[in-house]
Amino acid sequence: MSERKAPEKIDNDEITRQRQIARRIRENNEFEEMKTGKHKRMHVITFGCQQNNSDSEKIMGMLAEMGYANTANKEEADVIIINTCCVRENAELKLYGNIGALKKLKEENPSLIIGVCGCMMQQEHAVEIIKKKYRHVDIIFGTHNIYKLPELLERAMNEKYTLIDIMNTEGMIIEDIPVLREEKFKAWVTIMYGCNNFCSYCIVPYVRGRERSRKPEDIIKEIEGLAKDGCKEVTLLGQNVNSYGKDLDIEVDFADIIRMTNEIEGIERIRFMTSHPKDISDKLIHTMRDCKKVCEQLHLPFQAGSNKILKRMNRKYTKEEYLKKVLTAKEEIPGVALSTDVIVGFPGETDEDFEDTLDVLRRVEFDNVFMFIYSKRIGTPAAEMEDTASYEEKHRNFEKLVKLQNDISKKLNDKYMGKTVEVLVEGRSKNNPSKYAGRTRTGKVVNFTGIDGIIGKLVNVRINEIHSWFLNGEMHNEVGQ
Ligand code: SAH
Ligand code: SF4
Ligand code: F3S
């Protein structure tokens, strides 16, 4: 085994060095391809949230730079990278199953390189498990040093040991890492990294570090580049986008970034996530209302309805404050689709507390609710709290939530019947490949009958069938034609 400490500070020379290694690997790969006639291939598996998806796009960008083509088939890959999540226990369990399954592939092809990275690798106990039980893993790296992939890969080609390179101090923000995006017409753009909120149940601040905002000019340059390449929709990403800019030494906030993005020619839709209820400002709500390109969609996690539980969660708002903010957003932004995250069964949550969660759902009427049963995360304050409710009790309440929300979602979707909505066409429908699928500005999935050549375009679709989780319809015309 070889463990190395990463440098505390990354300068431009370090980035140039990584690019040089990448070029060297590419040349080697091209040379081998000439000999064998086989193109080198990569397979990247991503767990977790959009932040991880965005990191995986960078990992794939770097691998493409090194001469690897993407493959959906693990069996034919020369490099397999698994980007992990540890926000809940089931995400961890899934990972071990996946790594275990790769052992056979490594035995069949010893030159296959297997890398494991991402949030879970920022936790010592997880790295220990992989080191001990999954010796076929070649590289382990964390969330702060993905830029080092070329160096790690080159070393892994020459060394037999598992290379472990985790930075515990947060890295600087590294710009100019190549990005390989699956689609041209929509893109995630990370505007800030990390989180300062330390909600008592959440592991994210420990594995992603403190808030770091990208410079506005870097963000805008990236979005302008995307627009030139035909991108129509951007989703601005951060664990708490409303904190954007607080760590910069210039006067700029998240609403300013939205206004600047709204001016970029070619961009037609702006989305963002996530906002923390304590930080959502009137300025942001007014900006959403006033900027034409900002979609009528707001994801605002409330987690729990009971003030006692919110306090124990360290969320820093009350049920009443949450309701006031969300209802203001509803008034100011006509037709806004609201979504939220809810945790069921936080330590100490009684059935009476849970009633408050149901009450918020009934009062707000969210279009979409992401529901999670509380999962104990080692190292967080909530892991030390007494948790007496059984899994069955928690599950029963979870089912109540699902039932209530299904009815609400269906009722809200019913309003779309017969309406014509703008859809950004994302591809063929998964359920029915003879149809197309895309999303409305409010984020609803629409399956519809269309015509050739519309993928990536904005079209008007008339809705003729309603379901709880999607809508069906028929294309009317292309927007602007
Ligand atoms: N920064 C975002 C997303 C954080 S993770 C935010 O604050 O909204 C996404 C969701 O996972 C959280 O909103 C929360 O509902 C859920 N979550 C986080 N930690 C959890 C845990 N220990 N158990 C269950 N759900 C959790
Ligand atoms: Fe986790 Fe809270 Fe930060 Fe969201 S705001 S990432 S839930 S600590
Ligand atoms: Fe998971 Fe890391 Fe995102 S823990 S939810 S992938 S920030």
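Keep in mind that what you see is a predicted model, and the values were worked out from it rather than measured. Excluded from the calculations below are hydrogen atoms, water molecules and symmetry mates; all remaining heavy atoms, backbone and side chain alike, are included. All residue numbers in this chain count up from 1 along the given sequence. Atoms within each ligand, like the ligands themselves, are counted from 1 in listed order.
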Using distance alone, with no hydrogens and no angle criterion, decide if [X] and [Y] have a side-chain donor and acceptor under 3.5 Å apart.
| X | Y | result |
| --- | --- | --- |
| Thr274 | His299 | no |
| Glu211 | Asn197 | no |
| Tyr416 | Thr442 | yes |
| Asp353 | Thr350 | yes |
| Gln18 | Glu151 | yes |

Considering only heavy atoms, does [X] approach ligand 2 within less than 4.0 Å through its side chain, its backbone, both, or neither?
| X | value |
| --- | --- |
| Cys195 | side chain |
| Phe198 | backbone |
| Pro301 | neither |

Nearest protein heavy atom with distance in Å, relative to [atom]:
| atom | answer |
| --- | --- |
| atom 19 (N) of ligand 1 | Tyr201 CD1, 3.3 Å |
| atom 2 (Fe) of ligand 2 | Cys199 SG, 2.3 Å |
| atom 7 (S) of ligand 2 | Tyr201 OH, 3.4 Å |
| atom 17 (N) of ligand 1 | Arg88 NH1, 3.5 Å |
| atom 5 (S) of ligand 2 | Asn197 ND2, 3.4 Å |
| atom 7 (S) of ligand 3 | Gln239 NE2, 3.3 Å |

Should the pair [X]-[Y] be classified as a salt bridge under the 4.0 Å nitrogen-to-oxygen rule?
| X | Y | result |
| --- | --- | --- |
| Glu128 | Lys132 | yes |
| Glu14 | Lys148 | no |
| Arg377 | Glu92 | yes |

Using a strict 4.0 Å cut-off to heavy atoms of [X], name the atoms of ligand 1 that fall inside it.
| X | answer |
| --- | --- |
| Pro301 | 8 (O) |
| Tyr374 | 23 (N), 24 (C) |
| Gln303 | 12 (C), 13 (O), 14 (C), 15 (O) |
| Ser375 | 21 (C), 22 (N), 23 (N), 24 (C) |

**Request:** Have a look around atom 3 (Fe) of ligand 3 and list protein N/O/S atoms under 2.8 Å, or say none.
**Result:**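 Under 2.8 Å from atom 3 (Fe) of ligand 3 - ignoring waters, which are not counted - the protein N, O or S atoms are Cys49 SG.
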**Request:** Give a yes/no verdict on whether any heavy atom in His276 is under 4.0 Å from an atom of ligand 1.
**Result:**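 Contact absent.
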**Prompt:** At a 4.0 Å cut-off, with the gap strictly under it, does some heavy atom of Val87 reach an atom of ligand 1?
**Reply:** yes
**Fill in**
Shortest non-hydrogen pair, Phe346 vs Ser200, comes out as CZ-OG, 3.4 Å
Contact atoms of ligand 2, heavy-atom distance to [X] under 4.0 Å:
| X | answer |
| --- | --- |
| Pro205 | 8 (S) |
| Val204 | 6 (S) |
| Gln239 | 6 (S) |

**Message:** Heavy-atom distances under 4.0 Å decide this one: backbone, side chain, both or neither, for Phe372 against ligand 1?
**Reply:** side chain
**Request:** May I ask you to check if any N/O/S atom from Cys202 comes under 2.8 Å of atom 1 (Fe) of ligand 2?
**Result:** yes
**Asked** Taking atom CD of Glu352 as the centre, does the number of heavy atoms from other residues, nucleotides or ligands within less than 6.0 Å exceed 12?
**Response**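 Counting other residues, nucleotides and ligands, CD of Glu352 stays at 12 neighbours or fewer.
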**Asked** What do you reckon, is NZ of Lys215 surrounded by more than 12 foreign heavy atoms closer than 6.0 Å?
**Response** no
**Request:** May I have the step-by-step check of side chain to side chain contact (heavy atoms under 4.5 Å, CB included) for Tyr244 and Ser213, ending in yes or no?
**Result:** CA-CA 6 Å; Tyr244 174 83; Ser213 305; 3.5 Å; yes
**Request:** Would you check, one step at a time, whether the test salt bridge (Lys or Arg N to Asp or Glu O under 4.0 Å) holds for Glu349 with Lys394?
**Result:** CA-CA 9 Å; Glu349 186 179 65; Lys394 294 183 183 192; over 6 Å; no
Nearest heavy atom to [atom]: which of [options] does it belong to?
| atom | options | result |
| --- | --- | --- |
| atom 6 (C) of ligand 1 | Ile373, Asn90, Thr274 | Thr274 |
| atom 10 (C) of ligand 1 | Asp341, Val342, Ile343 | Asp341 |
| atom 2 (C) of ligand 1 | Arg208, Arg377, Gln51, Gln239 | Gln239 |

**Asked** Could Arg208 and Tyr193 be counted as a cation-pi pair, given that NZ or CZ must be under 6.0 Å from the ring centre and within 45° of the axis?
**Response**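 Not flagged: Arg208 not positioned over aromatic ring of Tyr193.
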**Message:** Donor-acceptor check, side chain of Tyr322 to backbone of Val360, threshold 3.5 angstrom: yes or no?
**Reply:**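 No; judged by distance alone, with no hydrogens or angles, the pair does not exist.
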**Asked** Does the ring centre of Phe254 sit less than 6.0 Å away from the ring centre of Phe272?
**Response** yes
**Asked** Of Glu332, Glu331, Glu296, which is the lone residue that meets salt bridge (charged side-chain N to carboxylate O under 4.0 Å, His left out) with Arg289?
**Response**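 For Arg289, the salt bridge (charged side-chain N to carboxylate O under 4.0 Å, His left out) check succeeds only for Glu332.
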**Asked** Mind checking whether Arg315 has a heavy atom under 4.0 Å from ligand 2?
**Response**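 Checking ligand 2 against Arg315, which is what was asked, there is a heavy-atom contact under 4.0 Å.
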**Message:** Quick one, Asp356 with Lys308, criterion salt bridge (Lys or Arg N to Asp or Glu O under 4.0 Å). Give me CA distance, side-chain angles, the key distance, then yes/no.
**Reply:** CA-CA 10 Å; Asp356 276 317; Lys308 177 189 98 191; over 6 Å; no
